[in-house]
Amino acid sequence: MSVILAIESSCDETSVAICTNGKITANVIANQTIHQNYGGVIPELASRVHQQNIVPVIQQALIDAKVSKKEINAIAFTRGPGLLGSLLVGVSFAKSFALALDLPLIAVNHMHAHILAHFIDDPKPLFPFLCLTVSGGHTQIVLVKDYFDMEIVGQSLDDAAGEAFDKTAKILNLPYPGGPLIDLHAKQGNPLAYTFPKPQIKDLNYSFSGLKTAILYFIRAHEKENPNFIQEHLDDICASVQHSIVHILLNKLQKAAAQYNISEIAIAGGVSANTGLRKALAERAEQLNWNVYIPAFEYCTDNAAMIAIAGHYKYINKEFVGQDTAPASRMDF
Ligand code: KG4
Ligand code: ZN
C-alpha cells in the first residue's frame, strides 16, 4: 500500500495529485490567469500566486482522493527545471509537510515526469521507446530505456516549440499562452495558405528562432499593404504556422525513429495537446507502422499527476532525498 502526495509548481500551474497504489486518485490544477495580458509568465507574480494556491489545492486533493494526511507515505515534488521562485514554493512546502508528518521526500525531474505521464493509463509504451517532449521551455527527442534511464538524442538549439507557438501568438496579438488559441484558429484555416522556411539542421536537433523571425517579417510585409491582414487571414495564418511547426517536429522524430530502429513512439508536454500534431502523428503511425502513444489532454500540460506517477516508481526503488535538497532551475537528464 502506498499513498504518494505530489506537488508541481515549476511554472504557472499550482498542482497537487495523489497516487494510491500506482493509480491517480486526485489531480487538482490551479491555473494562473494573471499572465494573460503580459505575453508570457511573469516569474514574481507566478510565485506569489503559487503561495496563495498551495494550501487550498493540497486540501482539495486530499478531499478528492478521500485520504487523510496520516495515510500519506511519501511527498514527491518537482525539483526542476523551471522558474526558481515558483519551484521554491513547492519545494519548501513539500519539505515542511514531510518534516511535520515525518515522511520521506522524493525529488522529481519535471521533464522525466512529462514522459512518465504515459504510465498513468493504459496502453503503456514498451521500453525502449522514443518520446518527443514538447513544452513551453523544452523540445527534446528522448530515448527512454527505462523509467529513469533516459537519453536526449535531439533537442532545440534555441526556442522551444511551445515558445514558437506563444511568440507567434504574440505577433498576432493573441493573449498568452497562445498555443491553444493558434490550435483553435488553425481548425478553420488552410494549412497550405502560406509557407515558411524550414530550418536547415542536419542532425536530430531543432531550431525554431528562424521560423519566428520569418513569421514576424511576413506579417510586417503584409500589414504594410493591408493593415487588417491579421484579422482578415487569422485562421489561414494560424493553420499555416501550425502546419510548419508540426512538420518540423515530426520530420526529425521520423529521422530519429529510423536511426534508432524504434517504432514505439510517444509525445509529451504541453504542445502534445495540439490537435494538428496529434492528427499528423496518427497519420505517420499508419504509414510507418509505428505504435504511437498520445497522452490524455489533462496530462499534456503541466499537472501533478505526472509527478505523482514518477514519485510512485521512485518510492518502489526507495529513492528518497534529504531536507537539504534545493530547487534547480536547470537539471541534467
Ligand atoms: O508542458 P507545459 O504545460 O509547460 C512547460 O513545462 O513549459 O507547456 C506549455 C506550452 C505553452 O507554450 C503552450 O502554448 C503550449 O504548451 N500548448 C499548446 C497547446 N496547449 C498548450 N501549443 C499548441 N497547441 C496546443 N493545443
Ligand atoms: Zn511542463
Side-chain angles (χ1 to χ4, degrees), residues 6-15 17 27 29-33 35-36 38-41 43 46 50 77-83 86-87 90 108-118 131-140 142 155-156 159-172 174-187 189 191 208 211-212 238-239 241-250 266-281 294-307 309-310 329-331:
I7 300 172
E8 154 64 33
S9 72
S10 65
C11 191
D12 60 341
E13 272 93 19
T14 321
S15 182
N27 183 34
I29 305 170
N31 295 110
Q32 303 185 359
T33 48
H35 311 286
Q36 259 167 14
Y38 296 97
V41 176
H50 281 306
F77 64 90
T78 303
R79 183 173 174 223
L83 301 170
S86 291
L87 288 165
V108 174
N109 178 322
H110 181 91
M111 299 312 292
H112 287 184
H114 268 303
I115 296 172
L116 294 174
H118 284 286
C131 186
L132 171 69
T133 315
V134 268
S135 70
H138 296 81
T139 301
Q140 301 168 335
V142 182
Q155 61 188 320
S156 179
D159 292 355
E163 238 173 317
F165 272 106
D166 295 337
K167 287 181 176 169
T168 302
K170 200 173 174 186
I171 296 170
L172 300 175
L174 296 170
Y176 176 86
L181 290 168
I182 293 191
D183 193 351
L184 206 69
H185 285 286
K187 283 183 185 147
F208 284 104
L211 177 68
K212 172 194 66 191
C238 288
V241 168
Q242 180 169 298
H243 180 82
S244 284
I245 297 174
V246 165
H247 280 80
I248 294 168
L249 288 172
L250 290 184
I267 53 171
V271 180
S272 66
N274 184 267
T275 349
L277 177 61
R278 294 164 88 97
K279 200 162 152 251
L281 180 67
I294 300 176
F297 280 112
E298 74 235 67
Y299 302 138
C300 290
T301 44
D302 287 348
N303 65 88
M306 66 187 197
I307 309 300
I309 198 76
S329 55
R330 298 173 68 101
M331 270 178 91

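Values reported hereafter were calculated over all heavy atoms of this structure, with side chains retained and with hydrogens, waters and symmetry mates removed. All ligand and atom numbering here is 1-based and tracks the order in the structure. What you are looking at is a predicted structure, and each value in this text was computed from that prediction instead of being measured.
Near T301, with a cut-off below 4.0 Å to any heavy atom, the atoms of ligand 1 are 3 (O), 21 (C). Close contacts between ligand 1 and G136 involve ligand atoms 5 (C), 7 (O), 8 (O), 9 (C), 10 (C), 12 (O) [criterion: under 4.0 Å to a heavy atom]. Each of the atoms 12 (O) of ligand 1 lies under 4.0 Å from some heavy atom of G162. The atoms of ligand 1 that sit less than 4.0 Å from any heavy atom of D183 are 24 (N), 25 (C), 26 (N). Within the listing of ligand 1, atoms 7 (O) sit less than 4.0 angstrom from a heavy atom of G137. Near G179, the atoms of ligand 1 lying under 4.0 angstrom from a non-hydrogen atom of the residue are 14 (O), 18 (C), 19 (C), 22 (N), 23 (C), 24 (N), 25 (C).
Residue contacts with ligand 1, taken as heavy atom pairs separated by less than 4.0 Å, involve H114 solely via side-chain atoms from C-beta onward. Heavy atoms of D302 found under 4.0 angstrom from ligand 1 belong to the backbone as well as the side chain. Proximity of Q242 to ligand 1, defined as any heavy-atom pair under 4.0 Å, is not found for any part of the residue.
Taking backbone and side chain together, H114 holds an N, O or S atom under 2.8 Å from the Zn ion (ligand 2).
Residues H114 and C131 have side chains not in contact (no heavy-atom distance under 4.5 Å, counting atoms from C-beta outward). Residues Q32 and T14 form a side-chain contact, since some pair of their non-hydrogen atoms from C-beta on lies under 4.5 Å apart. At a threshold of 4.5 Å between non-hydrogen side-chain atoms, the residues H138 and P81 count as touching. S15 is not listed as a side-chain neighbour of D302, based on a closest heavy-atom distance of 4.5 Å or more.
For the 3.5 Å distance criterion, the side chains of Q140 and T133 fail to qualify, holding no donor opposite an acceptor. For N27 and E298, the side-chain atoms include no donor-acceptor pair closer than 3.5 Å.
By the 6.0 Å contact criterion, NZ on K187 is enclosed, its count of non-hydrogen atoms from other residues, nucleotides or ligands being greater than 12.
For ligand 1, the polar-atom distance check against G270 finds a nitrogen or oxygen pair separated by under 3.5 Å.
Every residue meeting the salt bridge (charged side-chain N to carboxylate O under 4.0 Å, His left out) condition with K212, not counting sequence neighbours, appears here in chain and number order: D159.
Taking the N/O/S atoms of D302 in turn, the shortest distance to the Zn ion (ligand 2) belongs to OD1. Nearest N/O/S atom of H110 with respect to the Zn ion (ligand 2) is recorded as NE2.
Of the protein's non-hydrogen atoms, the one nearest atom 24 (N) of ligand 1 is N274 ND2, 3.0 Å. At the shortest separation from atom 13 (C) of ligand 1 among protein heavy atoms lies D166 OD1, 3.8 Å.
Taking all atoms of both residues into account, the shortest heavy-atom contact from S10 to T78 is CB-CG2, 4.0 Å.
A distance-only check finds no donor-acceptor pair linking the side chain of H110 to the backbone of I307 [under 3.5 Å].
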